[in-house]
Amino acid sequence: MIRMTEPSKITAQSIPDHQPAAGGIAARARASVGPKYLSGLNPEQREAVETLDGPVLVLAGAGTGKTRVLTTRIAHILSQGRARPSEILSVTFTNKAAREMKHRLGLMLGHAVEGMPWLGTFHSIGGRILRTHAELAQLKSNFTVLDVDDQVRLLKQLLQAENIDDKRWPARMLAGLIDGWKNRGLMPSQVPPGEAAVFGNGKGGKLYASYQERLKILNAADFGDLLLEDIRIFREHPDILRQYQQRFKYILVDEYQDTNVAQYLWLRLLSQAPSSFTSPRVRGEVASRRDAGEGDSPSTELLETAPHPDPLPVKDGEREKSPHTKNICCVGDDDQSIYGWRGAEVDNILRFDHDFPGAKVIRLERNYRSTGHILAAASHLIAHNEGRLGKTLRTEDQDGEKVTVTGSWDSEEEARGIGEEIEQLQRQGEKLNEIAILVRASYQMREFEDRFVTLGLPYRVIGGPRFYERAEIRDALAYLRVINSPADDLAFERIVNVPKRGLGDATVQMLHDHARKRRIPLFEAARAVVETDELKPKARGSLRDVVAQFDRWRAQREITAHTDLAQIVLDESGYTEMWQKDRSADAAGRLENLKELVRSMEEFENLQGFLEHISLVMDRDGGAEDDAVSLMTLHSAKGLEFDNVFLPGWEEGLFPSQRTLDEQGRAGLEEERRLGHVGLTRARRRAKIYFATNRRIHGTWSTTIPSRFLDELPAANVEITESKGGSAWGGTGGYGASRFDDMEAFGSSYTTPGWQRAQANRSQANRNRGQATGQGRDGGGFEEAASSFSSSSSSPDFGSFSSRRRGPLTIEGELVAKSTGTTSEFSLSDRVFHQKFGYGRVTKVDGNKLTIAFDKAGEKKVVDSFVQRA
DNA sequence: TCCTATTCTTGAATT
DNA sequence: AAGAATAGGA
């Protein structure tokens, strides 16, 4: 709990005696040696750290020490006395990244960084600013941050009020549109009329406006508002903007390529500096204020400077130049921009020096992660993109192993092959923690999971639905929200009938009418209605109990710790019981999550504080303590690294994703390619790519074509290998003259205008081929291949081929081979529980291999160590 | 109010 | 093919 108010406390070794006037001289005198924290940096990194004045863009390629530069830069600013911790604004996208920075800063400075109040995510900082000036956005400072569920529920009500068929115009779609507008910094009045009209027969714009009104009434904001309302406040109140501009002497932005327009505008407003604001002045400021204590009041001198005109909303392709920008440092990599689909504007990074004139651009191109072959492959691939700033990653590491490309007959063989390679790596002494499988689409994971369960290979899935998005967490939060603010209608509505209390739609509708007539919150309406005869006795009694319970909990709140209160609420409401009674596979996990939620409340002082931050901060960190293979999407792999990376599913349609191509055209293709680049650059020593000839897409088997990206890999760095999962190609390697056969026609045609349609036709043709009996395969290769699968006989057509895949996904021979011979502690018809498949009954015992009929998941073969007695 | 039948949808997933 | 989400009927 050390607050870093005294720069001299920062660290004994690295920070000189703090004489502001002499600080520069001292620094210069030391320049040849430099402070300790600079010593390990290469020249470019060092330049990025030491260029403190003016806008800086650091183009940090994968594995070039981006986070290190950011944290060292902060340390440098502090140690040079350029600013105090509270005067540095440092934004990231994810809580994880923010935590990581805090952690590393702590290591560098020698203690916890409690004194960096403005290091956080865009949304947490935006929210913090909004809470400070909430009244200017017609909100109270304790406003609720809505989750997507609440948002959709609210929009549904609005659609109903407008008599719009929410079948034809789903609330989710509107939520998406509004989110998109907010990402682009557009208030309701600024939405281009044409766009606003596309929803609900021209009512889109009006709905957006009334949604905003409703939010104010509910004292709520959505994620977009946390930035958008800030922007509006900054524009309408130049004095407030000026306060922040003066407070933030230095701005640092992580992952700049992922910023959307709203974030860009927000940053630019904050980064405009009053013109007399020069660095020597800053130093003086710090010095004089240090004696004055924490006070942040700006000097009169600075206030005299007229503010610069607000930036205009971004017009198409036209951005206003901001004449005076202060010390903003954005770090990013245009080649790793993979979030265009959720509003990120690669343009922000591509146009940085236009937006921030006089910007210094520093390229970090020395890669410290991957071997030569991997880096060459990744660089060669990404070089096919046109819209990029251009970097050439290089390494001093050895060439290492070539990137492998392996073809399989189908996705199951692919999974089997990868499973075997992993076991082999394991035998060679590789840590499972250093092995990752990166897929394009999450549905690819299932096959691997099935395979790993069969093999008894520990794995962990990273990503997926977020912790606080889970139904049980949101339910629990809704209870707490109603206790905290009785006017939270959305929360109340969510839980009135959870667990079931016989308060269905009819009752809720009635409450709504009542509430609207009297202009009171739902909860108060409930309290009133209970006193009348308007409800049936059963519902009435039930509702009365609910009201009484909440009254009691609210009274208890004063005298009970908030964690205890949460536990009491969950128990007394019957919510815990509801899940205890539930026999479905994930009930146990849900109860565990609830426990975790209560536990996580301890970090907050009280209920209020907890609720304010929960929607912004809640994420679960998977326990990384066990040695396990990581399984995740390419997207969630960004920022991570592993010794061994497996990249399955490099097929046209899947990767690059057909849908991206259809929707985004060339830009989409480039984003997919960047995704490939991200995938390859995650690998330190081994990168292994796979493609399958047949894959089941939405239930039907299709023949697929190797990804065009395979042809874009440099031959010199790539080795084509045999699938180890059984030779699918009759042992010939079967790739024909061109390395990836069909690719030749493709590689040359995809740049022409007609390529998209050709693409669509082709995959359509494939689908048809796959469905027609016996047509989808070439020659007899399949039969031979099939005979090596024990779970499938030589099925003559794809129809039975697919049905053959059901049931136990197991290869008998391997199971026997793996069997340890020890007898299992389980016996026939034992009731067991499995982490993933839930409850089931043992139907067969074979050594330590059990066949279990799961209640939900069907029959599976699993290793006994994966189940416990139910 | 609950249960069943039908329809829809199936890319990534922060805050 | 399968799961979720809805609508409609008992």
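Labels below follow one simple rule: chain letters A, B, ... track the order of the sequence lines, proteins then strands, and each chain is numbered from 1.
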Phosphate OP1/OP2 of B:dT14: any A:Thr121 side-chain N/O under 4.0 Å = no

If you measure from the P atom in B:dA12 to the same atom in C:dA5, how many Å do you get, rounded?
-> 16 Å

Just compare B:dA13, C:dT6, B:dT15 and give me whichever is closest to any side-chain atom of A:Lys156.
-> C:dT6

Counting any heavy atom closer than 4.0 Å, what does A:Leu227 reach on the DNA or RNA strands: base, sugar-phosphate only, or nothing?
-> nothing

Any side-chain donor near an acceptor of the partner, A:His133 and A:Glu229, under 3.5 Å | no

Any idea how A:Tyr339 and A:His635 line up, ring-wise: parallel (<30°), tilted (30 to 60°), or perpendicular (>60°)?
-> tilted

In whole angstroms, the gap separating C1' of B:dA12 from CZ of A:Arg440 amounts to 5 Å

Can you tell me the Watson-Crick or wobble partner of C:dG3, both distances under 3.5 angstrom?
-> B:dC8

Without swapping roles, check the side chain of A:Ser702 against the backbone of A:Thr704 for a donor-acceptor pair under 3.5 Å.
-> no

Whole angstrom value for the distance that separates C1' of C:dA2 from CD of A:Glu447 = 15 Å

Give a yes/no answer on whether the side chain of A:Thr633 brings an N or O atom under 4.0 Å of OP1 or OP2 in B:dA13.
-> yes

Round to a whole Å and report the spacing from CG of A:Asp222 to P of B:dT14.
-> 16 Å

Would A:Phe691 and A:Trp650 count as a close aromatic pair, with their ring centres under 6.0 Å?
-> no

What is the ring orientation for A:Phe604 with A:Phe610, classed by angle as parallel under 30°, tilted 30 to 60°, or perpendicular over 60°?
-> perpendicular

Start at the 5' end of DNA chain B and walk down; is the nucleotide closest to A:Ser636 or to A:Thr507 reached first?
-> A:Thr507

A:Arg446 has an atom CZ; how far is it from atom P of C:dA2, in whole Å?
-> 8 Å

Could you state the atom-to-atom distance from CG of A:Asp150 to P of B:dT15 in whole Å?
-> 17 Å

Provide, to the nearest angstrom, the distance between the CG atom belonging to A:Asp147 and the P atom belonging to B:dT15.
-> 14 Å

For A:Ala506 and for A:Leu634, find the nucleotide of DNA chain B with the closest heavy atom, then tell me which residue's nucleotide is more 5'.
-> A:Ala506

A:Asp222 side chain to A:Tyr211 side chain, donor-acceptor N/O pair below 3.5 angstrom | yes

Does a side-chain N or O from A:Lys638 land closer than 4.0 Å to OP1 or OP2 of B:dA13, or not?
-> no

Looking at B:dC2, B:dA12, B:dT14, which one has an atom nearest to any side-chain atom of A:Ala441?
-> B:dA12

Could you tell me whether the side-chain ring of A:Trp341 sits stacked on the base of B:dA12, using a centroid cut-off under 5.5 Å and a plane angle under 30°?
-> yes

Between atom CG in A:Asp258 and atom C1' in B:dT14, what is the gap in whole Å?
-> 10 Å

Are any of A:Ser442's side-chain N or O atoms less than 4.0 Å away from OP1 or OP2 of B:dA12?
-> yes

Base, sugar-phosphate, or nothing for A:Tyr443, non-hydrogen atoms under 4.0 angstrom?
-> sugar-phosphate

Distance in angstrom units between A:Arg172 CZ and C:dT6 C1', rounded = 13 Å

Is there a Watson-Crick or G-U wobble partner for B:dC3 with both distances under 3.5 Å, and if so, which one is it?
-> C:dG8

Give a yes/no answer on whether the side chain of A:Asn95 brings an N or O atom under 4.0 Å of OP1 or OP2 in B:dT14.
-> no

Quick one: label A:Gly224 by what it contacts on the DNA or RNA (base, sugar-phosphate, nothing), any heavy atom closer than 4.0 Å.
-> nothing

What do you reckon, do A:His698 and the base of B:dT9 stack, with centroid distance below 5.5 Å and planes below 30°?
-> no

